[in-house]
A.B. asks: 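This structure is in C-alpha cells; I'll ask about it shortly.
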Amino acid sequence: PRRRTLIKTPEEACHGTARFGRHSSKSRRLFSSSSRCMTVMPAWVIDKYGSNDALRFTKNASFPVINYPNEVIVKVFAAGLNPMDVSMRGGYGAATLSRKRDPLNIKQSGSEFPLILGRDVSGVIMECGLDVKYFRESDEVWAAIPPWKQGSLAEFVVLSANEVSHKPRSLTHTEAAAIPYVATTAWSALVNTGGLSKDNCTKKRILILGGSGGVGTFAIQMLKAWGAHVTVTCTQNAEHFVRGLGADHVVDYTAGPVEEPLTTLEKFDLILDNVGGDTERWALTLLKPWSGAKYITLITPFLQNMDRLGIADGMMQTAATVATKALKNLARGVHYRWGFFAPSGPALDEIREMVDAGQIRAVVEETFKFSQVPQAFNKLEKGHARGKTVVEISKGGDDCAL
C-alpha cells in the first residue's frame with residue numbers, strides 16, 4: 001500500500017492529535033481528541049460477566065501501551081462483532097483466557113476487568129514498536145484480535161505485528177472489519193486443519209453446515225475461488241443469499257430432518273460444521289470413506305471443559321473426548337477434527353489479495369454507531385445472521401483512504 005508520512009508537532013504529541021501529511025487541509029484526520037496526553041480513551045467495557053446490562057461506556061478506559069518491541073497501536077475505525085463476543089460477555093472461556101493473560105497466576109481473580117470486547121478491527125497504525133519492520137505509522141490495517149487480549153470496541157487497541165495485515169485497498173474500514181475473525185477461523189479450520197489450499201481444492205465436494213453466518217459466508221467464497229463444489233445448509237429464506245455468494249447446492253434445514261436430503265447426495269471430501277448439537281451423530285456418514293475425508297467442527301467443548309473442571313482436569317477431559325471420537329471415526333475410514341480460531345497476519349495477507357482480486361467480498365448485515373454497542377449485541381443475540389454486525393468507532397474512518 002502507498003505509504004503516508006505522519007506529522008506531529010510537539011503540542012500534538014502531548015495532546016494526542018496527529019494529521020496525515022498532505023498539502024490539503026481537508027485531508028487532516030485527528031487520531032484522538034484526548035487532552036490528557038493519551039492516558040485514557042473512550043471504550044465499551046464490562047466489569048463483570050453477564051447479560052447486556054454488563055456493558056458500560058466509559059471515556060476513561062486505559063490507553064493501550066506497547067510492552068513488546070513487535071507490537072503496534074492501532075486507531076480503530078470499525079469493529080466487527082461475532083457470536084464469540086456474546087459468549088465472552090457471559091463468561092465463556094473465562095478460566096482459560098484468564099490463565100492465558102496471566103500464565104504465572106500472579107494477578108488476583110477478576111484482574112481482566114474492565115474487559116473490552118470486539119475481535120475484529122480495521123483502522124490505522126498510530127505507533128510501532130522498535131522491532132516492527134513491515135508496518136509504519138499511518139498504514140491502514142486490519143486484524144483479528146485474540147480473545148485473551150483487550151478488544152476493538154475502543155478508540156485504540158494494541159496488537160502484535162504478527163496479527164496485523166495491510167487492509168484491502170478495495171474495502172472501506174466498515175467492510176474490512178467484517179472479515180478478519182471469520183476469515184482466520186475459516187482459514188485455520190480449512191487450511192491448517194483440513195489441509196485445503198488453492199492448489200488441491202478443484203472439484204472437491206465440501207459441505208458447510210450453517211452457511212449463512214460469518215464463517216460460512218466467508219468459507220463459501222474462499223472455497224469457490226479455489227474451485228471446490230460447495231453444498232450449504234441454511235434456512236429457505238437464506239438460499240438466495242448463499243447462492244449469491246457461490247454455493248452450488250443448498251439444503252433447507254427447516255424443511256425436516258436435514259440429514260435426509262443430504263444422504264441422497266454424492267458423498268463429501270470435507271464437512272465444516274458451524275452448527276454442533278447432534279450433528280456429529282449423522283454428519284460423518286456423509287463423508288467418502290477411506291479417502292482422507294475430514295469432518296471439522298468449530299463447536300467444541302474445549303473452553304467449557306476448562307471452565308467447568310479447571311485447567312488440568314479440563315484438558316484431560318478434552319483430550320480424552322477428541323481422542324475417543326477420532327479413533328472411533330478413523331475405524332470407519334474418516335477423520336474427525338476440531339477447528340479453532342487462530343490469529344494470523346500472514347493468512348490475512350493472502351486473504352487481502354483474494355479480496356482485492358474480487359474473489360471475496362465483505363458481507364455486512366448491519367452497522368451501528370459507537371453509541372449503539374448494546375443494540376449491536378442485541379442484534380447479534382437474535383442469531384440467524386446473514387453476514388456480519390459492524391460498529392463504526394471513529395467518524396471519517398472510511399474517507400481516510402487517500
Side-chain angles (χ1 to χ4, degrees), residues 182-183 185-236 238-301 321-340 359-360:
V182 295
T185 301
W187 187 277
S188 174
L190 296 172
V191 178
N192 299 347
T193 304
L196 298 180
S197 72
K198 60 184 176 182
D199 299 319
N200 67 7
C201 239
T202 304
K203 296 184 179 179
K204 281 196 173 174
R205 290 180 53 79
I206 314 292
L207 171 62
I208 301 176
L209 299 169
S212 65
V215 173
T217 55
F218 177 84
I220 292 169
Q221 296 180 85
M222 185 175 80
L223 292 168
K224 287 306 300 176
W226 287 352
H229 181 284
V230 179
T231 299
V232 171
T233 67
C234 62
T235 61
Q236 183 180 15
E239 178 175 352
H240 180 74
F241 169 64
V242 296
R243 284 193 183 276
L245 296 173
D248 296 288
H249 188 77
V250 181
V251 176
D252 175 15
Y253 67 74
T254 65
V258 69
E259 60 268 36
E260 292 181 6
L262 288 172
T263 54
T264 66
L265 303 176
E266 183 183 338
K267 292 190 181 295
F268 297 94
D269 296 288
L270 186 142
I271 296 174
L272 179 63
D273 183 5
N274 298 294
V275 178
D278 70 342
T279 306
E280 294 179 14
R281 180 178 50 80
W282 50 264
L284 284 112
T285 64
L286 304 175
L287 290 167
K288 298 176 182 176
W290 309 109
S291 65
K294 296 182 179 72
Y295 167 88
I296 302 170
T297 179
L298 293 170
I299 313 300
T300 76
T321 300
V322 71
T324 301
K325 291 184 176 183
L327 287 170
K328 183 176 77 172
N329 287 290
L330 194 59
R332 299 173 180 172
V334 296
H335 297 277
Y336 176 94
R337 298 284 188 271
W338 285 358
F340 297 98
Q359 296 174 318
I360 291 172

A.B. asks: Give me the atom names and distance for the closest heavy-atom approach of I220 to G211.
C.D. replies: CD1-O, 3.6 Å
A.B. asks: If you compare all heavy atoms of A189 against all heavy atoms of L298, which two are closest, and at what distance to 0.1 Å?
C.D. replies: CB-CD2, 4.0 Å
A.B. asks: Hey, does V250 have a side-chain heavy atom less than 4.5 Å from the side chain of R243?
C.D. replies: yes
A.B. asks: Of the non-hydrogen atoms in P289 and R332, which two are nearest, and what is the gap between them?
C.D. replies: CB-O, 3.8 Å
A.B. asks: Under the salt bridge (Lys or Arg N to Asp or Glu O under 4.0 Å) rule, what pairs show up with a residue in residues 258-269, not counting sequence neighbours?
C.D. replies: E259-R281, D269-K288
A.B. asks: Answer yes or no: is there a side-chain heavy-atom contact under 4.5 Å between N274 and I208?
C.D. replies: yes
A.B. asks: Just how far is it from atom OG1 of T233 to atom NE2 of H249, taken to the nearest 0.5 Å?
C.D. replies: 11.0 Å
A.B. asks: Checking V334 now: which residues fulfil side chain to side chain contact (heavy atoms under 4.5 Å, CB included) with it, not counting sequence neighbours?
C.D. replies: L284, L287, N329
A.B. asks: Can you tell me how far CG of L272 sits from CG of L223, rounded to the nearest 0.5 angstrom?
C.D. replies: 8.0 Å
A.B. asks: For S197, check side chain to side chain contact (heavy atoms under 4.5 Å, CB included) against everything at least two apart and list the hits.
C.D. replies: D199, N200
A.B. asks: Identify, with sequence neighbours excluded, every residue that meets side chain to side chain contact (heavy atoms under 4.5 Å, CB included) alongside T324.
C.D. replies: none
A.B. asks: Got a sec, which pairs hit ring-ring contact (aromatic ring centres under 6.0 Å, His included) with one end in residues 252-292, sequence neighbours left out?
C.D. replies: none
A.B. asks: In Å, rounded to the nearest 0.5 Å, how long is the span from SG of C201 to CE of M222?
C.D. replies: 7.5 Å
A.B. asks: Report yes if some heavy atom in the side chain of E280 is under 4.5 Å from a heavy atom in the side chain of Y295; otherwise report no.
C.D. replies: yes
A.B. asks: Do the side chains of T300 and F340 get nearer than 4.5 Å, heavy atoms only?
C.D. replies: yes
A.B. asks: Would a distance-only check, ignoring hydrogens and angles, find a side-chain to backbone donor-acceptor pair under 3.5 Å from T217 to S212?
C.D. replies: no
A.B. asks: Sequence neighbours left out, what pairs pass ring-ring contact (aromatic ring centres under 6.0 Å, His included) with at least one residue falling in residues 205-229?
C.D. replies: W187-W226
A.B. asks: In the structure I gave you, are the side-chain heavy atoms of T297 and T279 within less than 4.5 Å of one another anywhere?
C.D. replies: no
A.B. asks: Measure the CG-CG distance between L286 and L209 for me, rounded to the nearest 0.5 Å.
C.D. replies: 8.0 Å
A.B. asks: Rounded to the nearest 0.5 Å, how far apart are CZ of R337 and CG of N192?
C.D. replies: 13.0 Å
A.B. asks: Is there a donor-acceptor pair closer than 3.5 Å between any side-chain N or O of D248 and the backbone N or O of T231?
C.D. replies: no
A.B. asks: Kindly compute the distance separating CD1 (I296) from CD1 (I206), expressed to the nearest 0.5 Å.
C.D. replies: 9.0 Å
